[in-house]
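The model shown is predicted, which means the values in this text are computed figures rather than measured ones. Any value given below was found using the heavy atoms of this structure, including those in side chains, with hydrogens, waters and symmetry copies removed.
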Amino acid sequence: MSTLEKAIGLMASMPEHKLQAIYTFIQFIGEQPDGQELKPAPPSSRDVQSVLGIAQEYANPALINQEEGAFERATAQKYAADRY
């Protein structure tokens with residue numbers, strides 16, 4: 001499943017007001033010139049909490065304990081497999 005398919009699946013279950021926030025953000029990204037390095041303003045703590053709150057709302061609580069160190073394990077596994 002592609003990233004686009006995963007995103008569409010997730011957005012299909014979101015309420016309209018959250019989709020509007022995502023759409024506004026995507027419009028902003030789409031308006032940025034290609035090849036130009038952007039220096040975004042640091043996000044406010046309110047924005048960070050809002051994004052975390054939305055993500056947590058759709059998280060599977062049974063998998064939270066597996067997330068600790070998941071990136072490190074995946075990286076180690078990937079590079080261990082590439083050695084041979």
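- The distance from the NZ atom of Lys6 to the CD1 atom of Ile8 is 13.0 Å, given to the nearest 0.5 Å.
- Note on residues 10-27: pairs passing salt bridge (charged side-chain N to carboxylate O under 4.0 Å, His left out), not counting sequence neighbours, are Lys18-Glu57.
- Expressed to the nearest 0.5 Å, how far CD of Glu72 lies from CD of Gln77 amounts to 13.5 Å.
- Minimum interatomic distance between Met11 and Ile22 (heavy atoms only, all atoms of both residues): SD-CG2, 3.9 Å.
- Residues Leu19 and Leu10 share a single hydrophobic cluster, defined by chaining ILVMFWY side chains whose heavy atoms lie under 4.5 Å apart.
- The 12-atom threshold is exceeded at CD of Glu5, counting heavy atoms of other residues, nucleotides or ligands nearer than 6.0 Å.
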